[in-house]
Amino acid sequence: MGSSDIKLEGYVRHSITDIPSTTWDACANPSNRPYNPFIDHRFLAALEQSGCVSANTGWQPFHIELRRQRSTLGVIPMYLKSHSRGEFVFDGSWANAWYSAGGEYYPKLQSSIPFTPATGPRLLTAQSGARKLIESQLLGTMVQVTRKLKLSSAHITFMTKDQWDRAGELGFLQRVDTQFHWYNAGYQTFEEFLADLSSKKRKNIRRERRDAMNQGISIEWITGSDLCEYHWDAFYDFYADTGYRKWGQPYLNREFFSRISEAMPHQTLLIMCRRGSKYIAGAINFIGGETLYGRNWGCIEDHKFLHFETCYYQAIDFAINRGLKTVEAGAQGGHKIARGYLPQPTYSAHYIVNDSFRDAVHRFLNEEKQYVAHDIEYIETHSPFRHDVDLSEYRRQTKF
């Protein structure tokens, strides 16, 4: 299909439900690509229908749909933002600089999954043959909307490397940051994974796992039809406590978790810690086609190493059990390195309207990119793995 064969019209949709779920999911999760739970229509609908995402919370839905006659060829999950909270790619210094220069940074356009620092496609199309062309037109439509609304900027965060490259070709500024992911080298058991680590790291992990369970704690994996409202009541107490301490208030409300449990139970995993008859801690994860995505954790009792056990080691155990290739354990956390998680670049693209402001941001990003590359290289040379373990495939994925 050539460029002359595609003449698309772009539409802004102010609710995900304005686009039928079958239409959206045909673009978001076609059968020829690994399933990603966060771009699933059900996940985005739960955010909106629970009220976590709305104009009132500073996340006004502004999804782009590209159509040719009656056919939808591409979509973008997008929001009109009045702040930068819940994004995990930090541009507060840009907002302050633009404000000091007399400009208004907000509102801005944001293509991301709210409150979810997990990598995935953002330019969604089911047309594999014309994919690059439709992605370019989606980016062009995003620019048109930004200019038509006289906004300062448009941003795409936690995107895939190929889409990041495409955005760079079309003039978006490119940013790189780092997360820590676990890679499954075909392990059949957790002990096989430990065998690839240095002796010291292997002993430390065994000690942490033993000490975490010393207080009579048991751990449950709960997914699918086993998920019940009392599980969510307990987990929400953990989550809310963490949210109040980290952000001042939780991003997600109790209703969101009930909606997720009803809409996509088989893509949802609760790892819950019980002491006696009482749940005392837990973590929510989402199950992709190749990846387990760790999201939120909380507790009402403090036990040494229980966070590591619940969020990192249990996630590895589950991934091995399910044959998943990767565990993404969320944003930040250099402490994950000692637990077998390695640095992975994360990618974002930014369209800045004002030329002088754009040049300043561009200079900043070029310097930042060099620091990120250096940090990844340094960590790779000091990884917890034995020197004779082949990490060449992993290292190919970290080059940008």
Side-chain angles (χ1 to χ4, degrees), residues 34 36 117-120 158 160-162 164 176-213 219 221 269 271 283 285-294 297 305-347 369-400:
N36 185 301
T119 294
F158 295 101
T160 58
K161 173 66 162 56
D162 61 321
W164 181 74
V176 184
D177 205 342
T178 310
Q179 284 185 352
F180 298 92
H181 299 171
W182 179 82
Y183 296 89
N184 188 352
Y187 302 120
Q188 298 299 307
T189 65
F190 193 93
E191 281 299 315
E192 283 189 17
F193 154 62
L194 287 184
D196 275 354
L197 303 183
S198 68
S199 175
K200 180 179 180 181
K201 293 293 189 282
R202 188 163 56 243
K203 291 177 182 176
N204 285 343
I205 289 175
R206 285 180 177 142
R207 175 178 57 83
E208 288 182 357
R209 300 201 76 180
R210 182 180 63 251
D211 289 354
M213 309 301 286
I219 294 183
W221 295 348
L269 168 69
I271 298 176
N285 301 258
F286 290 90
I287 306 166
E290 296 182 344
T291 301
L292 181 68
Y293 300 92
W297 139 274
F305 303 127
L306 188 59
H307 172 248
F308 299 152
E309 175 64 29
T310 308
C311 295
Y312 307 146
Y313 303 143
Q314 288 291 323
I316 291 172
D317 263 334
F318 185 87
I320 292 172
N321 179 271
R322 287 290 186 96
L324 300 175
K325 294 181 178 180
T326 313
V327 176
E328 291 193 21
Q332 304 170 342
H335 57 276
K336 297 170 187 171
I337 301 167
R339 282 130 194 122
Y341 289 70
L342 294 173
Q344 172 68 37
T346 58
Y347 303 100
K369 194 180 299 183
Q370 294 177 30
Y371 288 118
V372 171
H374 179 268
D375 285 347
I376 290 176
E377 183 179 359
Y378 177 83
I379 293 169
E380 286 177 355
T381 61
H382 294 78
S383 86
F385 289 85
R386 300 193 330 263
H387 294 305
D388 60 334
V389 172
D390 184 9
L391 296 177
S392 57
E393 176 59 30
Y394 153 73
R395 291 193 172 102
R396 280 195 289 273
Q397 300 177 43
T398 65
K399 305 307 176 187
F400 54 85

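In this chain, numbering begins with 1 at the start of the sequence shown.
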Does the side chain of [X] reach to within under 4.5 Å of the side chain of [Y], using non-hydrogen atoms?
{"X": "Leu269", "Y": "Ile271", "value": "yes"}
{"X": "Ile205", "Y": "Phe190", "value": "yes"}
{"X": "Gln344", "Y": "Tyr183", "value": "yes"}
{"X": "Asn184", "Y": "Leu324", "value": "no"}
{"X": "Ile316", "Y": "Phe193", "value": "yes"}
{"X": "Ile379", "Y": "Ile337", "value": "yes"}
{"X": "Lys336", "Y": "Phe308", "value": "no"}
{"X": "Ile287", "Y": "Phe318", "value": "yes"}

For the student: nearest non-hydrogen atoms of [X] and [Y], plus distance:
{"X": "Ala283", "Y": "Thr310", "result": "CB-CG2, 3.9 Å"}
{"X": "Asn285", "Y": "Gly294", "result": "OD1-CA, 3.3 Å"}
{"X": "Gln179", "Y": "Pro117", "result": "NE2-O, 2.7 Å"}
{"X": "Trp297", "Y": "Cys311", "result": "CB-SG, 3.5 Å"}
{"X": "Ile376", "Y": "Pro345", "result": "CD1-CG, 3.8 Å"}
{"X": "Glu309", "Y": "Ala212", "result": "CB-CB, 3.9 Å"}

Side chain to side chain donor-acceptor pair (under 3.5 Å) against [X], all qualifying residues, sequence neighbours excluded:
{"X": "Asp196", "result": "Tyr187"}
{"X": "Tyr341", "result": "none"}
{"X": "Glu328", "result": "none"}
{"X": "Glu290", "result": "Lys325"}

If I take atom [atom1] from residue [X] and atom [atom2] from residue [Y], how far apart are they, to the nearest 0.5 angstrom?
{"X": "Arg339", "Y": "Phe180", "atom1": "CZ", "atom2": "CZ", "answer": "12.0 Å"}
{"X": "Lys203", "Y": "Leu197", "atom1": "NZ", "atom2": "CG", "answer": "13.0 Å"}
{"X": "Leu306", "Y": "Glu208", "atom1": "CG", "atom2": "CD", "answer": "11.5 Å"}

Results of side-chain contact (heavy atoms from CB on, under 4.5 Å) for Arg207 - residues two or more places apart only:
Asn204, Arg210, Asp211, Phe305
Can you list everything that forms a side-chain contact (heavy atoms from CB on, under 4.5 Å) with Glu191? Sequence neighbours excluded, please.
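For Glu191 the side-chain contact (heavy atoms from CB on, under 4.5 Å) partners, ignoring immediate neighbours, are Thr189, Leu194, Arg206.
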For His307 and Tyr312, take the angle between the two ring planes, folded into 0 to 90°, and tell me which bin it lands in: parallel under 30, tilted 30 to 60, perpendicular over 60.
perpendicular
Tell me if the CD atom of Glu192 is crowded by more than 12 foreign heavy atoms within 6.0 Å.
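Yes, because the 6.0 Å sphere around CD of Glu192 holds more than 12 heavy atoms from other groups.
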Apply side-chain contact (heavy atoms from CB on, under 4.5 Å) to Trp182 and Ile320, showing your working.
CA-CA 11 Å; Trp182 179 82; Ile320 292 172; 3.7 Å; yes
